[in-house]
Each structure stands twice: as structure tokens, then as C-alpha cells.
Amino acid sequence: MNFIEFTKNGNIGRITLNRPDVLNSFNGEMAKQMQNALDQCASDSAIRAVLITGAGRAFCAGQDLAEATQNGFNLQETVKNSYNPIIRKIRLLQKPVVCAVNGVAAGAGANLALGCDIVVAGASATFIQAFSKIGLIPDSGGTFFLPRLVGMQRASAMMMLGDKVNAEQALQFGMIYKIFPDDKLAEEAGNLALQLAAMPTRGLWLTKKLLNASANNNLQAQLDMEEQLQGEAGNTADYREGIDAFLNKRKPQFKGV
Ligand code: T3D
């Protein structure tokens, strides 16, 4: 079964969560396929930006709760083997990851979205930290990303109450970058991915690396890291191309190296 639809379109790797009958909730096989798709995005040098979205009316309803009630299902092992590797792979993917939230994003589905680099949503999208309603704790990096995005107070309320947050609120709280009309989301998110793929993607990865580190570094450590990575960025062919294009008033052709 293709629980994850992976397509390569030019420089874009498109990953579609594909269990629409159960709102794209994750079972173990789907998590494996998601990890594989992210690995393909990492290893294929032709892919320069990644787009993640959901099939049907939902983005993702988190863990498949029918699977979670099967005999022998182990929550800790599932978090360790299914969800944590997905979040790590997204944060360490050396390419920008756009998430197009096309409907409800609940539980691990909400936090999968928050782990991506740029999150856009359809006007009818909603975000639910659904874990508390069934006695679980937020996972998939949610306790890391959400307080940093919205502040401790809002994160606590969302995670304890499990209230539904609509797209307008998510935008106002800083959880997402932009909202598009539902029928324009796929096109607009695709355009965003195309725009990123045409940029100096090596530099974008170095930026992502700095943002990853900024969550834990103090200012001095961050300044040191900026110093070092600016040196690295300055050694790329893309930097030379960017400068040459600027000085010669032409459009740059970046290659991601
Ligand atoms: O190892 C571990 O398991 C730990 C990891 C945990 C990570 C987690 O994500 S825990 C949180 C799990 N997710 C949830 O608790 C959300 C459950 N779903 C809902 O609360 C609602 O479905 C939504 C608010 C997301 C959407 O509501 P609505 O009214 O739009 O749709 P619906 O009618 O509830 O769902 C439509 C179908 O999808 C329905 O099936 P049916 O009746 O048509 O045959 C429903 O059962 C199914 N579905 C929705 N979410 C899940 C699901 N089936 C399995 N698992 C789901 N998570």
C-alpha cells in the first residue's frame, strides 16, 4: 500500500500523506514509508526543496488510534521508531521543507507540521494538540517547537485543553507563515517550493542549521557559529554567482553548491 505518495517533479520532492479514509493518521507502515521518502529527498541531489501535504480533506490526524489499541502496541517504541526519526530527518534535511496544511492537523500530525521550515495552511485548516484528550503527552517535537513559536502560556493552554486552533489563530500566534484560500493552497505551496528550489539552497541549509542551533545556544555560541558558517557560505559557487549576477544586473542561476 502506498500510504505515502512520493513524487519528484523537477527539483521538488513532494510527499503526500495518503490514508484519507482515516484522515491520514499514521500507522507503523506509513511512518516507515515517510522515513523512506525523506531519505530519498536527502540523497537525491536533484531535489532542492520538499513539500509535505495530505490527501483528501485532512492533513494528518496523528497516530492511528485503531492500531494503537492492538495487542502488543508499544507507545514508547512507536515514538522512538516512527515519529522521532521523522522529525529528526526533517530538521536535518539539508533542503527547505514546506508544509501545506490542507485540513485538520491533530496530535502528531500537528507537530509534524510545526517541525517543517515553512508552514502554510488552507483557510479551513485547524490545529489540535489532541493528545491530552486521550491521556497522552504531546510528542513529535511539539513540546520543543510550540512554546518557542507561541510562548509558554499559549502552548500550555493548547496542550492541556486540546482546543482546536483555526488557521487565523495559528497565523496570529506565529505557528504558520501564511494562509491561502483552500482551493489555492496546493498551487501556492507548490510555487513556494519552486521559489526555494531556485535559491542558493546550500546557504538555506546553513541558515536552517543556525536556526536549529539557536534554540539551545547562547548569543556568544550563536555568533561564533554565524562567523564560521558565513565563511562556509562565502566559499560556495552560489555566493559567487549571486554577486556576479547582482553586479551584472542579471538573474542568478543558483545550483545549490
Ligand atoms: O505511539 C503512539 O501512539 C504515541 C503517539 C501518539 C501520537 C498522536 O498523534 S496521539 C493523538 C492521536 N490523534 C487523535 O487523538 C485525533 C483523533 N481524531 C479526531 O479527534 C478527529 O477525527 C479529528 C478532530 C481529527 C477530525 O474530526 P472530524 O469530525 O472531522 O472527522 P472524524 O469523523 O472524527 O474522522 C473521520 C474518520 O477518520 C473516522 O472514521 P469513520 O468513522 O469514517 O470510519 C475516524 O474514526 C477516522 N480517524 C480520525 N482520526 C483518526 C481516525 N482513525 C484512526 N486514528 C485516528 N487518529
Side-chain angles (χ1 to χ4, degrees), residues 1-5 15-38 52-91 99-116 119 121-147 149-150 155-170 173 175-176 179 182-183 185:
M1 290 291 289
N2 281 342
F3 297 142
I4 294 292
E5 189 183 294
I15 298 175
T16 306
L17 313 180
N18 189 30
R19 298 182 75 214
D21 293 351
V22 285
L23 307 190
N24 303 320
S25 56
F26 271 93
N27 60 17
E29 177 54 28
M30 177 168 161
K32 261 190 230 149
Q33 291 181 17
M34 180 74 178
Q35 292 174 27
N36 287 341
L38 289 165
I52 300 177
T53 193
R57 72 175 175 94
F59 173 66
C60 174
Q63 168 64 36
D64 182 327
L65 296 177
E67 183 192 59
T69 52
Q70 281 169 13
N71 264 349
F73 185 86
N74 181 315
L75 287 169
Q76 187 169 347
E77 287 298 309
T78 303
V79 171
K80 181 178 173 189
N81 297 320
S82 291
Y83 295 103
N84 285 353
I86 291 173
I87 302 303
R88 272 195 219 100
K89 283 175 194 292
I90 290 173
R91 292 315 313 157
C99 183
V101 182
N102 55 300
V104 63
N111 293 337
L112 164 65
L114 299 183
C116 295
V119 187
S124 69
T126 53
F127 298 80
I128 313 173
Q129 293 290 326
F131 311 86
S132 61
K133 294 196 170 167
I134 53 170
L136 291 182
I137 57 101
D139 61 19
S140 303
T143 57
F144 182 88
F145 299 120
L146 195 60
L149 290 168
V150 305
S156 301
M158 280 183 217
M159 290 180 157
M160 291 186 178
L161 298 170
D163 283 346
K164 189 182 282 188
V165 170
N166 65 33
E168 280 297 342
Q169 290 171 309
F173 293 163
M175 292 162 60
I176 62 175
I179 300 175
D182 289 325
D183 62 352
L185 176 68

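Numbering of ligands and ligand atoms starts at 1, following listing order.
The CD atom of Gln35 sits 11.0 Å away from atom OH of Tyr83, with the distance rounded to the nearest 0.5 Å. Atom OG of Ser156 and atom CG of Leu146 lie 9.0 Å apart (nearest 0.5 Å). A distance of 12.5 Å separates CZ of Phe3 from CG of Leu17, quoted to the nearest 0.5 Å. Once rounded to the nearest 0.5 Å, the distance linking OG of Ser132 with CD1 of Ile137 reads 11.0 Å.
Looking only at side-chain heavy atoms (C-beta outward), Phe144 and Leu114 stay at 4.5 Å or farther from each other.
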Could you list each N/O atom of ligand 1 together with any protein N/O atom closer than 3.5 Å, one pair per line with the distance?
residue, atom, partner, partner atom, Å
ligand 1, 1 (O), Leu75, O, 3.3
ligand 1, 9 (O), Gln63, N, 2.9
ligand 1, 9 (O), Ala108, N, 2.8
ligand 1, 13 (N), Ala61, O, 2.9
ligand 1, 30 (O), Arg57, NH1, 2.9
ligand 1, 30 (O), Arg57, NH2, 3.3
ligand 1, 31 (O), Arg57, NH2, 3.0
ligand 1, 55 (N), Leu65, N, 2.9
ligand 1, 57 (N), Ala61, O, 3.1
ligand 1, 57 (N), Gln63, O, 2.8

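When atom types are taken as modelled, the side chain of Glu5 and the backbone of Thr16 share no donor-acceptor pair closer than 3.5 angstrom.
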